[in-house]
Amino acid sequence: MALTTDLTHADISPVIQIFTGGLDGQGELTTSLHVNATPQGITRGSYVGEIMNGGGVRITPELSYGLLESLEGSLYLPVVTDEHGQWNVAGGIGRLTWVPIEAPDEGGWFLGTTWAFSDYNWKYSQATLNLNGGFTAGYDDDDWLFAINAFFNWGLNDRYQSSDAPGLEPAFAAKHYFGENLTLGLEYYGAIGPITHPEPIHLQSHTIFATVDWDEEDWSINFGIGRGMTSETDDWTIKTILFVPIGNY
């Protein structure tokens, strides 16, 4: 899931991730490091003082904990450098994910929901307070993973927003397993504007990533190179996520 804001806000993108049915087990603690960079992207802001993704790097540590067998909580601390090399803490994010239907070991469907509350510095978002979330569903077996994320974003204190309706931010993944460790696939992330009146296609955000995942018993990593498909999308984005389970507590 891309924890971002809709097209009337800064697209800070501290986390670029597809949510599937996988959760920490009850009492399990996991650390993750989300890193993404935009070597070529949008640098012009929509308001004075806005810092855009172009030329910048986002480094976001995450701490997640299995509250129940089907409920996970996470905290994120996005740290951002802009095109001039200046570093800032962009804010903080808290997330809850509930997956009541998990894919069985032999393969099958999963269904869940995840919601995040973010508090950003005004340089990165017109709305400093945001609520982002929705539903995740898909299918996972020994050969294939398909996942759809249908998320919505509310800017809770944006005096510039043109609509009270939430922004729609769909995401999709299709991946193929090659043995126990290697997975290759595609991830898509979009932002189409308010659900009541979507933006024209050329003003929407659409990015497709080619991804590779490597899973070991004690750690896993996701790496992707993304290409923006419209003029309002960053041209190139590189992302990686490193997951390291700490243990049970």
Side-chain angles (χ1 to χ4, degrees), residues 1-17 34-61 76-93 116-133 151-171 188-209 224-239:
M1 179 190 75
L3 291 177
T4 64
T5 54
D6 64 44
L7 292 180
T8 61
H9 301 72
D11 186 9
I12 181 176
S13 306
V15 177
I16 304 176
Q17 178 182 5
H34 303 256
V35 181
N36 67 78
T38 312
Q40 185 176 348
I42 298 172
T43 57
R44 66 187 186 279
S46 59
Y47 60 90
V48 177
E50 181 180 26
I51 297 176
M52 301 298 290
N53 281 346
V57 177
R58 277 76 52 196
I59 300 175
T60 305
Y76 304 80
L77 186 66
V79 179
V80 178
T81 179
D82 61 22
E83 59 180 326
H84 305 295
Q86 297 181 333
W87 290 88
N88 292 283
V89 175
I93 304 167
F117 177 80
S118 59
D119 183 356
Y120 288 132
N121 185 298
W122 68 271
K123 295 179 181 180
Y124 303 97
S125 177
Q126 286 181 188
T128 57
L129 301 178
N130 293 271
L131 178 65
N132 181 289
F151 293 117
F152 304 91
N153 185 84
W154 288 264
L156 302 180
N157 60 347
D158 183 2
R159 59 179 176 166
Y160 300 105
Q161 66 186 10
S162 59
S163 172
D164 292 330
L168 176 60
E169 299 172 351
Y188 158 81
Y189 301 88
I192 69 170
I195 58 175
T196 53
H197 53 280
E199 299 281 356
I201 290 290
H202 70 280
L203 295 179
Q204 297 177 12
S205 174
H206 299 279
T207 304
I208 297 178
F209 283 84
I225 298 177
R227 175 63 173 167
M229 307 304 291
T230 69
S231 61
E232 292 300 314
T233 311
D234 292 316
D235 293 328
W236 292 100
T237 302
I238 301 170
K239 76 179 184 91

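Computed over heavy atoms, backbone and side chain alike; hydrogens, waters and symmetry mates excluded. From a predicted model like this one, the values you see are computed outputs, not experimental measurements.
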May I ask you to test the [X]-[Y] pair for a side-chain heavy-atom distance under 4.5 Å?
X	Y	answer
W122	Y47	yes
R227	D235	yes
W87	I59	yes
R58	V80	yes

Problem set entry | Audit row: V89, N121, side chain to side chain contact (heavy atoms under 4.5 Å, CB included) steps and yes/no | CA-CA 8 Å; V89 175; N121 185 298; over 6 Å; no
Just how far is it from atom [atom1] of [X] to atom [atom2] of [Y], taken to the nearest 0.5 Å?
X	Y	atom1	atom2	answer
Q126	N157	CD	CG	10.5 Å
N153	I195	CG	CD1	11.5 Å
T81	Q86	OG1	CD	8.0 Å
N132	F152	CG	CZ	10.5 Å
Y120	T128	OH	OG1	11.5 Å
I201	S231	CD1	OG	11.5 Å

Problem set entry | N53: which of T43, N36, D234 passes side chain to side chain donor-acceptor pair (under 3.5 Å) |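 The single option meeting the side chain to side chain donor-acceptor pair (under 3.5 Å) with N53 is D234.
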On a heavy-atom basis, which atom in [X] and which in [Y] lie closest, and how many Å separate them?
X	Y	answer
H34	Y76	NE2-CE2, 3.9 Å
P14	I93	CG-CD1, 3.9 Å
A191	E169	CB-CG, 4.2 Å
G224	F209	C-CD2, 3.8 Å
Q204	T230	O-OG1, 2.6 Å
T60	V79	OG1-N, 4.4 Å

Problem set entry | Mutual orientation of the aromatic rings belonging to Y188 and H206 [parallel < 30°, tilted 30-60°, perpendicular > 60°] |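 The arrangement is parallel - the two ring planes meet at less than 30°.
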Problem set entry | Option passing side chain to side chain contact (heavy atoms under 4.5 Å, CB included) with T38 (candidates V57, I238, T237) |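 Checked V57, I238, T237 against T38; only one passes side chain to side chain contact (heavy atoms under 4.5 Å, CB included): T237.
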